[in-house]
Each structure stands twice: as structure tokens, then as C-alpha cells.
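Below, chain A is the first sequence line, B the second, and so on; all start at residue 1. All heavy atoms count here, side chains included; hydrogens, waters and symmetry mates do not.
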Amino acid sequence: RKEVEQDPGPFNVPEGATVAFNCTYSNSASQSFFWYRQDCRKEPKLLMSVYSSGNEDGRFTAQLNRASQYISLLIRDSKLSDSATYLCVVNKANAGGTSYGKLTFGQGTILTVHP
Amino acid sequence: DAGVIQSPRHEVTEMGQEVTLRCKPISGHNSLFWYRQTMMRGLELLIYFNNNVPIDDSGMPEDRFSAKMPNASFSTLKIQPSEPRDSAVYFCASSEDRGNTEAFFGQGTRLTVV
């Protein structure tokens with residue numbers, strides 16, 4: 001089983017639609033969670049961190065369910081510029097708790113927003 | 001800061017040749033990551049360094065791959081000998097070593113082995 005699993009999509013939605021992406025992770029020791037965005041032929045960039053209580057940034061809402069090891073991203077009022085690949089990312093400290101290094105990425109979910 | 005800097009941006013080489021990819025992390029970041037991205041496998045972590053020390057190299061595909069970080073401002077990923085299946089985009093990323101911190105990626109090196 002992959003450490004981080006996402007529905008690869010693609011999701012094709014019209015402008016203004018609401019779309020939700022889901023992600024599950026296998027390692028219960030994971031401590032930090034993120035959504036990254038990657039545009040075509042570009043590097044991944046942080047979209048938002050995901051906090052236990054859930055958090056919102058404009059049209060974007062992220063939620064975390066530690067019990068189910070599940071992360072979600074909701075995009076409201078989709079824009080053409082939201083078209084990209086969305087990557088679910090988890091991070092955990094090493095066994096000694098001395099490094100938070102290992103960011104593990106999901107395969108990504110492709111979103112296309114059309115007029 | 002200029003961000004994470006990778007070179008070269010593109011590399012085309014013949015099978016069997018040695019390839020060296022270079023990375024300069026953001027100043028002050030003490031974690032550095034090398035990732036490989038392909039359509040089939042997505043983003044795979046190859047190796048990561050913390051304070052210039054390799055912490056986890058379990059993602060390095062085989063002995064043909066090696067990575068070094070001689071100082072806090074420079075890292076290399078070497079493939080010797082290269083094979084066509086090594087063709088991918090190789091990303092370097094850096095971050096501060098604390099919880100809930102983002103990793104900043106370089107623009108990547110697009111490697112084609114023919």
C-alpha cells in the first residue's frame with residue numbers, strides 16, 4: 001500500500017463549481033500535512049498546510065481526520081486558474097524525533113476547470 | 001533570496017554517460033531533498049539530508065545513483081552509468097527542519113537519456 005494515496009482524477013469541472021479532493025495516508029505517526037499545487041511543467045508549490053481543526057484560505061478549505069487518516073481539500077467557486085495538479089503531502093519526524101524531514105507526496109489529482 | 005537553484009535545467013545524454021545534477025538550497029535551510037518525478041510513478045523521494053548528513057536514502061533506485069552534500073549550500077546527485085529509464089524530472093527542495101514547515105522546490109532538471 002502506498003504511504004499517501006489520492007484519486008488521480010482527472011476532474012473536469014466548469015467555472016464556479018465546487019470540487020473536493022481526498023487523500024489517505026498509511027502511517028499513523030505522520031505529524032504534518034499539506035496540499036501542494038503543481039502547474040504543468042513547473043515545480044510543486046505549497047498551497048496550504050492542513051491543521052487538525054480544519055482551516056480555510058479564501059476559496060480553499062482543508063480538513064484532517066486523524067482517526068481515519070484522511071485529508072481533504074475543497075475548492076469553491078472554481079476559477080480557470082485553479083487548473084493544476086494537487087498533491088497531498090504528509091510529513092513525520094524520524095524515530096529519534098530529531099528531524100522532520102521526510103515529505104511523502106501522493107500521486108496528485110489533476111483538475112481542469114473549463115469555461 | 002533566489003530560492004532553490006538547480007542546474008542544469010535540461011540535460012540530454014547518451015546511455016552509459018555520467019550525469020551530475022546540482023542544487024543550491026535556500027540559505028538557512030538545513031534539510032535538503034532530492035525527488036524524481038515521472039508520469040508513471042509521480043514524485044518519489046530519493047534521498048534527504050539534514051545538516052548535510054544523509055538521513056534516508058532508501059529511495060535511491062540502485063547503486064548507479066549517489067548523492068552528496070559537502071556543505072550547507074551545495075548538493076549533487078550523480079547517475080553513473082545513466083540509462084534511458086532514468087529519464088525524468090529531478091527536483092531538489094529545501095526546508096527548515098521543524099514541524100509543519102513547507103519545502104521549497106527548485107525548478108527541476110529535465111533529464112533525457114537516449
Side-chain angles (χ1 to χ4, degrees), chain A residues 2-10 23 25 27 29-53 55 57 62 64 66 71 84-110, chain B residues 2-6 9-10 23 25-26 29-60 67 69 75 88-112:
Chain A
K2 291 181 181 177
E3 283 194 57
V4 181
E5 296 206 56
Q6 296 181 247
D7 179 349
C23 169
Y25 59 96
N27 192 328
S30 299
Q31 296 177 313
S32 304
F33 309 90
F34 310 89
W35 284 100
Y36 275 67
R37 170 191 169 132
Q38 186 173 23
D39 294 303
C40 186
R41 301 181 78 84
K42 298 287 189 181
E43 72 274 24
K45 292 183 179 179
L46 179 70
L47 176 66
M48 60 195 301
S49 300
V50 186
Y51 302 114
S52 297
S53 55
N55 49 298
D57 183 1
L64 168 65
R66 284 188 186 269
I71 306 161
T85 297
Y86 290 83
L87 300 157
C88 176
V89 187
V90 303
N91 186 3
K92 70 177 181 71
N94 65 3
T98 57
S99 170
Y100 293 90
K102 195 171 181 177
L103 289 178
T104 303
F105 284 75
Q107 281 279 90
T109 299
I110 299 170
Chain B
V4 177
I5 300 172
Q6 290 186 247
R9 292 289 307 279
H10 302 273
C23 175
I26 292 172
H29 284 188
N30 52 1
S31 285
L32 182 140
F33 312 87
W34 282 101
Y35 287 89
R36 176 173 69 176
Q37 188 173 38
T38 61
M39 287 293 292
M40 291 298 294
R41 301 172 69 92
L43 261 171
E44 302 174 279
L45 178 65
L46 300 177
I47 185 170
Y48 86 87
F49 295 85
N50 182 255
N51 293 322
N52 311 340
V53 176
I55 301 299
D56 185 344
D57 64 355
S58 59
M60 295 287 262
M69 192 165 185
S75 177
V89 180
Y90 291 80
F91 287 106
C92 176
S94 71
S95 72
E96 297 176 331
D97 182 28
R98 55 182 175 84
N100 212 41
T101 184
E102 80 176 279
F104 294 82
F105 282 75
Q107 292 183 299
T109 295
R110 186 171 295 274
L111 174 66
T112 303

Among residues at least two apart in sequence or on other chains, which ones pass side chain to side chain contact (heavy atoms under 4.5 Å, CB included) with Lys45(A)? Glu43(A)

Indicate the atoms forming the closest heavy-atom contact of Tyr35(B) with Leu103(A), along with that distance. OH-O, 2.8 Å

Option that, when pairs with chain B are counted at under 4.5 Å, heavy atom only, ranks first among Arg41(A), Lys2(A), Lys42(A): Arg41(A)

Identify, with sequence neighbours excluded, every residue that meets salt bridge (charged side-chain N to carboxylate O under 4.0 Å, His left out) alongside Arg9(B). none

Could you tell me which non-hydrogen atom of Arg41(B) sits nearest to which non-hydrogen atom of Gln107(A), and how far apart they are? O-OE1, 2.7 Å

Mind running ring-ring contact (aromatic ring centres under 6.0 Å, His included) on Phe91(B) and Tyr36(A) for me, showing each step along the way? CA-CA 14 Å; Phe91(B) 287 106; Tyr36(A) 275 67; over 10 Å; no

For Ser58(B), is it the side chain, the backbone, both or neither that has a heavy atom under 4.5 Å from a heavy atom of chain A? side chain

Contact origin within Gln37(B) toward chain A - heavy atom pairs under 4.5 Å: side chain

